[in-house]
Amino acid sequence: MKSWSTPTPAPLPACPDRLRVHDTATGRLRHPGNGPDRASLYVCGITPYDATHLGHATTYVSFDLLQRYWRACGIAVTYTQNVTDVDDPLLERAEATGVDWRELAREQTDLFRADMEALEVLAPDHYVGVTEAVGLVAEAVAGLIAAGLAYRVPGTAGEPDGDVYFDLRAAERATDWRLGSVSAMDAATMAAVFPERGGDPDRPGKRDRLDPLLWRVERPGEPAWEAGTLGRGRPGWHIECSVIAREHLPAPFTVQGGGSDLRFPHHEFSAAHATAVDGRPLALTYLHSGMVALDGRKMSKSLGNLELVSRLRARGEEPVAVRAAVLAHHYRSDWEWTEQGLEEARRRVAAWRAALTGPHAGAGTVVLEAAHRALSEDLDAPAALRVLDDWAAGTLPGLERAGDGPDVATVAHALLGLRLR
Ligand code: ZN
C-alpha cells in the first residue's frame with residue numbers, strides 16, 4: 001500500500017560502521033551483520049487502531065535511528081514494514097464501535113502515516129498490508145501442511161473444522177530453529193505470555209499448547225479470502241510477517257525490530273515459520289525497543305491509558321520536541337511519558353536552536369563524529385542528544401577545529417531526525 005513521504009536526509013560525510021547492538025536472540029552486544037554497502041530492516045507495523053500512541057512512536061523512532069545511522073555510513077538500506085490490517089483486535093474494535101473494519105483500518109493507517117511524517121520517521125520502501133499478502137500466506141501455509149509442519153484442527157465447541165496450526169515440535173525436528181532461540185525466553189515465561197499476546201493454549205486438538213495459528217477458516221460475519229485447499233479464511237498473525245519479509249527482503253535480512261512485547265510469540269514464530277518454509281533464518285539480529293508507561297502503567301489499549309501523537313500535535317506541540325522527548329531515553333529501556341519530559345525536550349530544542357546563531361553553528365563535522373560514535377554503542381540516543389547539549393553550551397571537545405563540512409542543523413536533521421530549522 002501507499003507508504004508516506006519523509007524527506008530523504010541530506011548526504012553526510014561517510015562515518016565508519018562501528019555499530020554494536022544488543023541482539024535479543026544471543027543476549028550479546030554485537031555488529032548486526034550487514035555488509036559494507038547494504039543493510040535490510042523489517043519492523044513490525046501497527047494493527048490500525050489507537051494509532052499512533054507514544055509506545056508505537058518510540059518503536060518507529062528507535063528503528064529510524066538505526067536507518068539514519070546506516071545511511072550516515074554510506075550503507076544503502078532496504079526497509080519493509082507491514083500493516084496488520086485484518087486481525088482479531090481490529091475486528092473487535094470495529095464491532096465495538098460500529099465502524100466497518102476496512103474503514104477503521106484505512107482511517108487509522110492514514111493517521112499513522114501523518115504522525116510518522118510529522119516525527120520525521122523515514123518511510124519504508126515496502127509498506128504492505130496483510131490484506132495484500134493473503135495469497136502468498138495461503139501458499140506458504142499449504143506448503144507447511146504438505147511438509148508435515150502444520151496441521152488442521154477439527155472444530156469443537158462451535159468452532160468450524162479446518163483452522164491450521166504450526167507444529168512447533170515437528171519444525172524443531174526438521175529445521176535449525178528451536179523454541180526460544182529468538183526470544184531467549186524460558187519455557188515458563190513463554191507459557192505465561194502466550195495467552196496474553198493472542199495465543200490460545202487451550203484450543204482442543206492442538207499438538208502443543210504453544211502451537212500458533214497459521215490460518216483461520218471463515219466464521220460467519222468475519223472477513224475471509226478464497227484460498228484453494230485451505231478453504232476460505234484469513235492469515236494468522238506471525239506468518240504474515242514471515243511472508244511479507246521474504247517477499248521484499250533478502251533471506252536472512254539484517255535486523256528484525258519491534259517492541260519488546262513482540263519477542264514472544266510474534267518474533268519467535270515469525271522466524272520459525274520462515275525457516276520452516278525455506279530452511280533459512282529470518283533475520284541475523286533481533287532488536288527490541290522498550291515499553292512506554294503513562295500514569296505509572298504500561299501504555300496499552302486494554303488499559304486505555306494512551307497518549308497519542310496526533311493529540312499532542314493538535315494541541316500545538318512541535319513534533320521535533322516529541323521526537324527529542326522520545327530520544328532522551330535509550331531504546332531498550334522502559335520509561336514513562338510525562339509532561340515534564342516533554343517540557344525538558346522543548347527546552348533543549350530551544351537551546352539547540354539558539355546555538356544555531358552562535359559561533360559554533362558550522363561545527364557539523366565535530367557534532368557528526370561525536371553523535372555517530374555515541375550511536376555506535378547500541379544506538380545510544382541519550383548520549384547523542386548530550387553531544388548537541390555540549391555543542392550548544394560550547395563545551396564539546398574539538399569545536400575549535402570546526403572547519404568545512406555540513407552545519408549542525410543539517411547533521412541534527414540527517415542523523416537524528418531533529419528538525420531545528
Ligand atoms: Zn510482525
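Just so you know, ligand 1 is whichever comes first in the structure, and atom 1 is the first atom listed for that ligand.
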Here the Zn ion (ligand 1) sees protein N, O or S atoms within less than 2.8 Å, and their number is 3

Pairing of D64 and R71 as salt bridge, 4.0 angstrom limit:
no

Next on the checklist: Assess whether a salt bridge exists between D88 and R234, defined as any Lys/Arg side-chain N lying under 4.0 Å from an Asp/Glu carboxylate O.
Outcome noted: yes

Residues pairing under salt bridge (charged side-chain N to carboxylate O under 4.0 Å, His left out) where one sits in residues 244-253, two or more places apart or in two chains, turn out to be R246-D278

Across all chains, not counting sequence neighbours, the salt bridge (charged side-chain N to carboxylate O under 4.0 Å, His left out) partners of R315 are E317, E339

Check: If you measure from the Lys or Arg side-chain nitrogens to the Asp or Glu carboxylate oxygens, is any gap between D261 and K298 under 4.0 Å?
Finding: yes

For E343, the salt bridge (charged side-chain N to carboxylate O under 4.0 Å, His left out) test, sequence neighbours excluded, returns R346

